[in-house]
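One structure below.
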Amino acid sequence: MSADQVAQPLRRAAITVGISGGSGAVYAVRLLQLLPRYYNRVNVVLSNASRQVIAQELAVDVPGPGAWRLPDASEEEGERVVIWNNQDYSAPFASGSNAPEQMVIVPCSMSTAASIAHGVDQNLMHHAAGVIIKEKRELIIVPRETPLSAIHLRNLLTLAELGVTVIPAMPGFYGGQSTFDDLITFVLQKILNHLKIDARLARKWGE
Ligand SMILES: Cc1cc2nc3c(=O)[nH]c(=O)nc-3n(C[C@H](O)[C@H](O)[C@H](O)COP(=O)(O)O)c2cc1C
């Protein structure tokens, strides 16, 4: 076994991350800073609205299609995170024959949740999510809106009934969370747990 294999024995092949225009862009950026440790390729699709929200909420530049080196990422990690044009239906993960095992949409706007729940492909992100659902792979969404209307709740229920994991951007406070960072970490830990990534960002209850 080579030194490289020893150093990185457990990296998975690929994951798709969708970023839609819900509030909470920080969850997406923080997740993208972690995932290259665990996946050889992190394919990213951003909606137009998400770019607007990111500009509003964070001091992070989002490039066009191609590699995205996030703050604090190594050059190698930066090469593993790749942005796709959200209208490019020729992306590999747009096909059931090349669907990844896992996809996360974080944050997931109510509009994106509605499109996916009703199979309306308005962009690559919706289409890729539909592929994950039809191929019975794992889709995790992190919705954010408040209050939730009956329309929102119905759409989220439809997705849950289709096997989608719904992790609302709804941090708990029972673990002594007291800072902004603790609250973000709480939600990220939930996502990582459901991706079955053995990483401990926050203490488990009872520890
Ligand atoms: C600063 C900002 C914050 C927003 N926050 C939310 C939100 O938390 N949840 C939501 O569903 N929509 C939110 N929106 C509205 C969505 O961006 C809008 O519905 C958009 O059409 C979603 O498109 P997308 O699903 O293609 O990203 C926000 C918009 C802006 C500009």
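All heavy atoms count here, side chains included; hydrogens, waters and symmetry mates do not. Just so it is clear, the structure is predicted and the values come from calculations on it, not from any experiment. Numbering of ligands and ligand atoms starts at 1, following listing order.
Among protein heavy atoms, atom 5 (N) of ligand 1 sits closest to Ser23 N, 3.2 Å. Of the protein's non-hydrogen atoms, Ser111 CB, 4.2 Å is the one closest to atom 19 (O) of ligand 1. Looking at atom 10 (C) of ligand 1, its nearest protein heavy atom turns out to be Glu145 OE2, 3.4 Å. If you check which protein heavy atom lies closest to atom 30 (C) of ligand 1, you get Val53 CG2, 3.6 Å. When hydrogens are left out, the protein atom nearest atom 31 (C) of ligand 1 is Gln52 NE2, 3.9 Å; that is the closest non-hydrogen contact. Of the protein's non-hydrogen atoms, Ser47 CB, 3.4 Å is the one closest to atom 26 (O) of ligand 1.
For the pair Gln177 (side chain) and Leu183 (backbone), a donor-acceptor distance under 3.5 Å is absent. Here the side chain of Thr158 pairs a donor or acceptor atom with the backbone of Arg154 at under 3.5 angstrom.
For Thr112, a nitrogen or oxygen atom sits less than 3.5 Å from a nitrogen or oxygen atom of ligand 1, counting backbone and side chain alike. Residue-to-ligand polar distances keep Asn123 apart from ligand 1: every N/O pair is separated by 3.5 Å or more. For the pair Arg144 and ligand 1, the shortest N or O to N or O distance falls below 3.5 Å. For a threshold of 3.5 Å applied to N or O pairs, the pair formed by Gln56 and ligand 1 contains no separation below that value. Every N/O-N/O distance between Ser20 and ligand 1 stays at or above 3.5 Å. Checked against a 3.5 angstrom limit, the closest N/O atoms of Met110 and ligand 1 fall inside it. Ligand 1 has no nitrogen or oxygen under 3.5 angstrom from a nitrogen or oxygen of Ala49.
Neither side chain, Ser95 nor Asn98, offers a donor N or O lying under 3.5 Å from an acceptor on the other.
Protein heavy atoms are found less than 4.0 angstrom from atom 16 (C) of ligand 1.
In this structure, Asp181 pairs ionically with Arg30, as a charged nitrogen and a carboxylate oxygen lie closer than 4.0 Å.
Annotation: side chain of Ile140 is not in contact with side chain of Gln102 (no heavy-atom distance under 4.5 Å). In this structure, Val45 and Asn43 have side chains that are not in contact, with every pair of non-hydrogen atoms separated by 4.5 Å or more.
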### Query
Yes or no on salt bridge (Lys or Arg N to Asp or Glu O under 4.0 Å) for Asp61 and Arg51, after CA distance, side-chain angles and deciding distance?
CA-CA 9 Å; Asp61 286 331; Arg51 289 177 178 270; over 6 Å; no
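No more than 12 heavy atoms of other residues, nucleotides or ligands sit less than 6.0 Å from atom CD of Gln52. Within a 6.0 Å radius of CG in Leu58, other residues, nucleotides and ligands contribute more than 12 heavy atoms.
Nearest-residue assignment for atom 14 (N) of ligand 1 (options Gly18, Gly21, Ala25; heavy-atom criterion): Gly21.
Residues Phe186 and Tyr174 bring their aromatic ring centres within 6.0 Å.
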